[in-house]
Structure formats: C-alpha cells, structure tokens
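Keep in mind that what you see is a predicted model, and the values were worked out from it rather than measured.
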Amino acid sequence: MIKINKTTVISEEELKYDFSRSSGPGGQNVNKVNTRVTLYFDVKNSSSLTYPEKKAITSKLRNRISKDGVLRVICQKHRTQAANKMDATNRLVELLQKALTFKPPRKITKPTKASIQRRLENKKQRSQTKQLRKPVI
C-alpha cells in the first residue's frame with residue numbers, strides 16, 4: 001500500500017511498471033540492460049480514489065494523463081532498475097499529493113478607510129511633484 005495523504009492510500013496492484021532501455025550516456029550498460037522505468041497508474045478506473053479525487057487529479061495533471069485516464073511517469077535518472085522504480089513511485093506520490101491539495105476559497109475583502117486615504121494622499125503628493133517639474137511660463 002502506498003500512502004498519498006492522511007485519507008488516500010493506493011494499492012501497489014494498481015500500478016503497472018514497464019521497463020525499457022535508457023537513453024543517454026552509460027557505456028555498454030545502456031545497450032544491454034532495461035533500466036528505464038515507465039509507471040502507469042489508471043486514474044479513471046482506480047478503486048482507491050473517490051470521484052472528487054479523480055476529478056482533481058485529472059484536471060490538475062491533464063498534461064500527464066492520456067485520453068484513457070492513465071497517468072504516466074517516466075524515470076531513467078539512475079543506473080539500476082530498482083532505483084528508477086523507487087524514484088518513479090516517489091514522483092507519482094509527489095504528483096498526487098500536489099494534485100490533491102485543495103486551496104481554500106479566497107475571502108473577498110474591502111480596503112480599509114485608512115488605506116484608501118493613504119492611497120489618495122500619495123496620489124496628491126505625486127501629482128504635486130509632477131506639477132513642480134513643469135516649466136514655469
């Protein structure tokens with residue numbers, strides 16, 4: 001079980017890992033070993049997530065989710081398959097944590113009388129400064 005936050009837990013059975021050859025430098029190891037990890041998580045058909053959670057994840061991570069509702073995370077930073085697998089899982093947890101944080105709605109407030117007065121006084125002073133800069137005719 002992978003813990004996302006206090007209320008959300010995802011079963012490891014819902015994650016699908018795919019391994020392929022990594023790109024970039026690495027010598028002979030790159031040509032022989034499948035170290036690149038692609039993690040797939042089906043957000044749309046997940047039994048661990050509630051409908052509001054699925055909606056929040058699909059809206060906030062829409063660039064990473066396919067049309068089928070599958071979230072994809074790729075990791076090829078490390079030289080070993082196990083390290084890349086752990087890193088991909090950790091990145092998935094971070095993405096889901098960010099997507100599931102809800103911001104409280106902003107309370108609309110009015111400016112105070114004192115702040116309005118200060119703003120108007122500031123404008124008058126600025127206007128006087130500019131008037132004094134004009135050439136005298």
Tell me, please, whether Phe102 has Lys60 positioned over its six-membered ring: NZ or CZ under 6.0 Å from the ring centre and within 45 degrees of its axis?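 Pair Lys60/Phe102 counts as cation-pi.
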Assess whether atom CZ of Arg72 is packed by more than 12 heavy atoms of other residues, nucleotides or ligands within 6.0 Å.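 No - once you tally the heavy atoms of other residues, nucleotides and ligands closer than 6.0 Å, there are 12 at most.
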Side chain of Ser127, backbone of Lys123: donor and acceptor closer than 3.5 Å?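 Side chain of Ser127 to backbone of Lys123, a donor-acceptor pair under 3.5 Å: no, none is there.
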Donor-acceptor check, side chain of Ser115 to backbone of Pro111, threshold 3.5 angstrom: yes or no?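 Such a contact is absent between Ser115 side chain and Pro111 backbone.
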Can you measure from [atom1] ([X]) to [atom2] ([Y]) and round to the nearest 0.5 angstrom?
{"X": "Lys85", "Y": "Thr38", "atom1": "NZ", "atom2": "OG1", "value": "13.0 Å"}
{"X": "Asn63", "Y": "Leu71", "atom1": "CG", "atom2": "CG", "value": "11.5 Å"}
{"X": "Cys75", "Y": "Leu92", "atom1": "SG", "atom2": "CG", "value": "12.0 Å"}
{"X": "Leu96", "Y": "Thr101", "atom1": "CG", "atom2": "OG1", "value": "11.0 Å"}
{"X": "Glu94", "Y": "Arg91", "atom1": "CD", "atom2": "CZ", "value": "8.5 Å"}
{"X": "Leu95", "Y": "Asn90", "atom1": "CG", "atom2": "CG", "value": "11.0 Å"}

Provide the closest heavy-atom pair for Val73 versus Ala88 in the form atom of the first, atom of the second, distance.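 Result for this residue pair: CG1-O, 3.9 Å.
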Compare every heavy atom of Ser59 with every heavy atom of Ala56, then report the nearest pair and how far apart it is.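 In this case the closest contact between Ala56 and Ser59 is O-OG, 3.0 Å.
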Check for me, please, whether Phe41 and Ile74 land in the same ILVMFWY cluster - side-chain distances under 4.5 Å, paths through other members count.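 In one cluster with Phe41: Ile74, no.
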Between Val37 and Val70, is there shared hydrophobic-cluster membership here, with clusters defined by ILVMFWY side-chain heavy atoms closer than 4.5 Å?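 Each belongs to a different hydrophobic cluster.
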Let's go through Gln117 and Lys113 carefully: what are the C-alpha distance in whole Å and the side-chain angles of both, what is the deciding distance for side chain to side chain contact (heavy atoms under 4.5 Å, CB included) to 0.1 Å, and is it a yes or a no? CA-CA 6 Å; Gln117 191 66 33; Lys113 287 183 180 180; over 6 Å; no
